[in-house]
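In what follows, a structure is listed as structure tokens, so that the remarks can point back to it.
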Amino acid sequence: MARDLRALFGSNERVGADEAFTNRESQWRTVTDALAEHLALAGDPDFDVQDLEAPRRNVLVFHGVGGIGKTTLSRKLEAALAASEDRPAQWGEPTWPAAPRLLPVRIDLARSAGTDFERLVLALRAALAGLDRPLPAFDLALGRYWEHNHPGEPLEDYLRRAGLVGRAGRALPGQLQAALGEAAQQLGLPGAIGSAVGQVTTAAVRAVRERRAAARALAGCPRLADLLEAEPDLEALSYYPHLLAYEIDRLPAKKAVVPIVLLDTFEDTGDRTNRDLERLVQRVVWLMPNALFVVTGRSRLQWADPALQGQLDFTGPAAWPQLAAHIPTARADQAAADPAGSAAPNSPAGTAVSRQILIGDFSPEDCEDYLTRRLTTDGQPLIDDQLRQIITARSHGLPLYLDLAVLRFLEIRRTRTPEPTDFEHDFPALLARTLQDLTPDERHVLRAASLLDAFDVPLATAAAGLDRQAAALRLTERPFVREHEAALWPYHLHAVVRSTIRRADDHTDDRWSLEDWQHAAARALDALGGRWTAERDTGGRALLTGCLRQGLVLARDHRLGLGWLADAAWSYISDSVWEPIAPPAPAADPGQSTGYGLASTAVLQTPADALVEALRTLAARQREHRTHTADRLTRVIDSRLLPADLTDLALYYRAKAHRDLGRADASRQGMRQVAAGTTRLAPAARRGLAHLARLDGDFPTALAAAQNLGWAGRQHRVLGDLWWVHAEMDQAAAAYEAARTDAEHHGVAGEAATSQAQLAFVRAFTDPQAADDDLHLAEQLLAGLDLRATTLTTRIAALVRDAGTPGDTLPERADVLGAEVRASGVRAAEAALALAICFHHAVLDDPDNQSALAIAIRDLDHLTRGRDYAYYTDIAAFMAGQELQFPSPARWYDGPDQVRDRWRALVTARRTHLRL
């Protein structure tokens, strides 16, 4: 375990400061799988190291954001492959055979390391110097190159400056000289001439061309002569690894090795317009198919992209089948070739295997382990448990964030004890690391994209205000941009990267001003509105909710006008689906004061604040008591921030909440106010007044009002509500069916589910078997919807369906359901449940059950006396065949006697059905 000198010198105390390595078991398994496949491929009798046309499967790529731990992983892999004692215990024992021996070679390509292509080739050869034998074909070519390009410079001096002077490195010059002397001896050259590289190579070329037996060590490599005749420049050097692969392939069994070349910081090989070094490195990988290359860098390798033909020598999915999974055309071709996805993971012929692995974030457990072991004193963690939890939560699993938090801990600890609030902090250093290798346009798009939870290329481009998509396309390939192919907008930023860009102090040269952020937010909001407007007829509910979720955040956090959001809010409401739509309380943006909005005060200050609160309340009412709904909507109404039509929206749903709570007068007042206007909810408010008349038992008034409601007022459902309380179950069922058909015709999913639930409820009184089917359909229609009251209706319907069943646990089921109903604050459901219990006991109708029936009717009477649904007690008495001592003031259509007869007939029919 390496020492962390920064942390070690960050305190006067003797603090244990180790660079803790955490987990990465999945990456290790990927390496072992790739190694097993490589060993099997290279050990196949048909494998030919000189085959320059076969696809290459000798590359494994780990890519990820800066600070995710790629370099640490690369170093740990090198150590673990070299010696079992350096392998983390959780990685387990190796699965590969003891022979041939693995030879890990790690090469850091970072600019700071100063690695050029010449040094890379020498590093490969120096690693093989430990074999204590020359590699004649390669060494002869390398000696010629060195003499031509470094005249008078000893190779020993260069290796020393390049840091390649380990035991094996020190042996390299001698091996090159030995290869030269051996070749001269085999070719019969005089001693003096044999020391001149040029003379030896000229003789070697002639011998190879003439296939002399004396040059048997060289003649097996047919391309050697061409390489020795070529100008010994950097281009020629890039082809010499073919000779190295040839020499490795012909090693005797006792000396056989399999090179594992770990190329770290690959992003520093160049950029999209300068791939010169990458082209040379790729050539090495292609020409050494018997070596496994493990590449670590910020981005995927693009070698399988056919568009790079001409920039690189070997391109396309046919050349690099295991590097092509991210290319859409390659994915489509693979799906067509293997629609079931059945290609075996290690099948050489398949392209199903992806060897480009995104290094994921640490799990919370890994973060805890890292912070526990990173700083210690007397064997105990220096960072306490509470701070570790806070740092873990804010890190989103990014190791760089953990590292920066450790340094911040030590910095604060110099003067005082660190506190939890000290780590409510975003690190500018993380921002600098993220931006350092992006082009100016990519930085611009990245900042714009940070305003969005998710995006696609057109949306990010529009938010950035660019007229070209090139920068956004490049950005989507960066490792801090995550992809979810099936999502509406497939891309999103790594959480901690996004929060850092939005909130950390930005000291970069091209940082945005507050006006820049504001303009970008306005562009993003306009782009979302344009998308919804253009595709509203085809995009469906997903597009609506996606645009609303992101648009509401932008409008609220940046104090933008409502614009298209008002129209979209009405579309959201019209479907009666009620999935959560409103964002959480806002966080402060760069440079903005936190003294506004929901983050710092309960006061609503902008129309966007009010609309967010209204929509959040409407969705939350499916999960909370109606008193909260009424109070929160009152807050919205009292803010006077919404335009008239949206104010009516809040008034209407507050009136519905009042009705559900039994506040009939307050509900009636709100409904009348909305019904008197001309907004979109006026028909619904007129329906609400009809409902209130029904709740009072004024059935003739309710019926008269229902006749003129039409579809907008949900006329069929209102009529069904009136028919069933009169025990006209067939008429009620027909009305609910018509209501469901209308809702399906208009594409209003929530209304269709509600009507079907009511249909199941009335059928449960008359035909339990048909009710089963109706309940099943209601459950299907409710799937994906958040309709609490309707869901309660289906559960009450199930109790009615089972009423009177001997031995049934209906009372116990009703008790459980009753707790949920009371928690909802929906009086309609509470009264309907009490009525269902009365029906159950009325059907049983035996002496032992009389007391239970009396208690059920008494409870229903206490629930409704002097309030809404008072006539439910009348209905319960009708079911039981009892005379009414204190009848409600209900005005029945055809008088109480006929209603009594119909309800009693339902009870008798159920007893006959159950043979009681």
Side-chain angles (χ1 to χ4, degrees), residues 451-455 484 486-490 492 495 498-499 524-525 528-529 531-532 536 539-557 562 564-587 597-599 602 604 606-636 642 646 649-650 652-654 656-657 660 747-754 757 779 781-792 794 820 823-826:
L451 292 166
L452 300 163
D453 293 330
F455 59 92
H484 187 334
L488 178 64
W489 289 292
H492 65 275
R498 184 187 180 205
S499 67
L525 183 62
L528 287 166
R531 180 75 63 87
W532 179 67
R536 61 187 302 177
R541 189 78 181 177
L543 177 67
L544 169 65
T545 56
C547 289
L548 260 179
R549 284 193 179 103
Q550 302 217 71
L552 288 169
V553 173
L554 292 167
R556 182 199 64 187
D557 291 357
L562 293 181
W564 63 271
L565 289 170
D567 195 23
W570 283 110
S571 293
Y572 166 75
I573 291 163
S574 67
D575 284 346
S576 301
V577 176
W578 309 120
E579 64 270 64
I581 192 74
L598 300 177
L604 304 175
T606 70
D609 287 338
L611 181 58
V612 166
E613 178 67 0
L615 295 180
R616 181 189 290 120
T617 301
L618 295 185
R621 74 194 178 107
Q622 306 300 329
R623 297 175 296 282
E624 65 184 19
H625 199 277
R626 289 296 197 264
T627 54
H628 298 297
T629 304
D631 292 344
R632 292 170 66 176
L633 289 175
T634 297
R635 177 168 171 254
V636 172
L642 292 176
L646 289 175
L649 182 151
Y652 171 75
Y653 281 100
R654 183 180 67 174
K656 285 192 67 174
D660 290 340
V748 182
E751 177 63 21
T754 297
E779 290 167 359
L781 294 176
L782 279 167
L785 306 183
D786 194 0
L787 296 173
R788 188 178 195 180
T790 300
T791 301
L792 293 175
T794 63
E820 296 183 37
S824 72
V826 180

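Computed from a predicted structure; not experimentally measured.
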* Asked: Is there a side-chain contact (heavy atoms from CB on, under 4.5 Å) between Leu452 and Leu554 once you walk through the steps?
  -> CA-CA 8 Å; Leu452 300 163; Leu554 292 167; 4.1 Å; yes

* Are the side chain of Trp564 and the backbone N or O of Leu525 linked by a donor-acceptor pair below 3.5 Å? -> yes

* Report yes if some heavy atom in the side chain of Trp489 is under 4.5 Å from a heavy atom in the side chain of Cys547; otherwise report no. => yes

* Straight-line distance of Leu615 CG to Tyr653 OH, nearest 0.5 Å -> 10.5 Å

* Just checking, any donor-acceptor pair under 3.5 angstrom between side chains of Thr629 and Arg621? -> no

* Asked: Can you name the closest pair of heavy atoms from Arg626 and Asp660 and give their distance?
  -> NE-OD2, 2.9 Å

* Asked: Can you check whether Ser571's main-chain N or O pairs, donor with acceptor, with Ser574's side chain at less than 3.5 Å?
  -> yes

* **Shortest non-hydrogen contact between Leu782 and Ala753, atoms and distance** => CD2-CB, 3.9 Å

* Asked: Can you tell if the side chain of Leu618 reaches within under 4.5 Å of the side chain of Leu649, non-hydrogen atoms only?
  -> yes

* **Over all atoms of both residues, closest heavy-atom pair of Pro580 and Arg549** => O-NH2, 2.6 Å

* **Distance-minimising heavy-atom pair for Gly551 and Leu528** => N-CD1, 3.7 Å

* **Between CZ on residue Arg556 and CG on residue Leu604, distance to nearest 0.5 Å** => 11.0 Å

* Structure fact -> dist Thr606:OG1 -> Leu562:CG (nearest 0.5 Å) comes out at 8.0 Å

* To do: Test side-chain contact (heavy atoms from CB on, under 4.5 Å) on Leu548 and Trp532 and set out the steps.
  => CA-CA 9 Å; Leu548 260 179; Trp532 179 67; over 6 Å; no

* Side-chain touch Arg616/Arg632, heavy atoms, less than 4.5 angstrom -> yes

* Heavy-atom pair of closest approach, residues Ala757 and Thr794 -> CB-CG2, 3.7 Å

* Asked: Does some side-chain heavy atom of Asp567 sit less than 4.5 Å from a side-chain heavy atom of Arg536?
  -> yes

* Asked: Between Leu543 and Arg531, does a side-chain contact (heavy atoms from CB on, under 4.5 Å) hold up when you go through it step by step?
  -> CA-CA 9 Å; Leu543 177 67; Arg531 180 75 63 87; 3.9 Å; yes

* **Gap between atom OG1 of Thr545 and atom CG of Leu552 - 0.5 Å precision** => 11.0 Å

* Can you tell if the side chain of Arg654 reaches within under 4.5 Å of the side chain of Thr634, non-hydrogen atoms only? -> yes

* Polar side-chain atom of Gln550 near backbone of Asp453 as donor-acceptor pair, under 3.5 Å -> yes

* Would you give the length of the straight line joining atom CG of Leu781 to atom CD of Glu751, rounded to the nearest 0.5 angstrom? => 11.5 Å

* What's the shortest heavy-atom distance between Ala569 and Leu611, and which atoms? -> CB-CD1, 4.1 Å

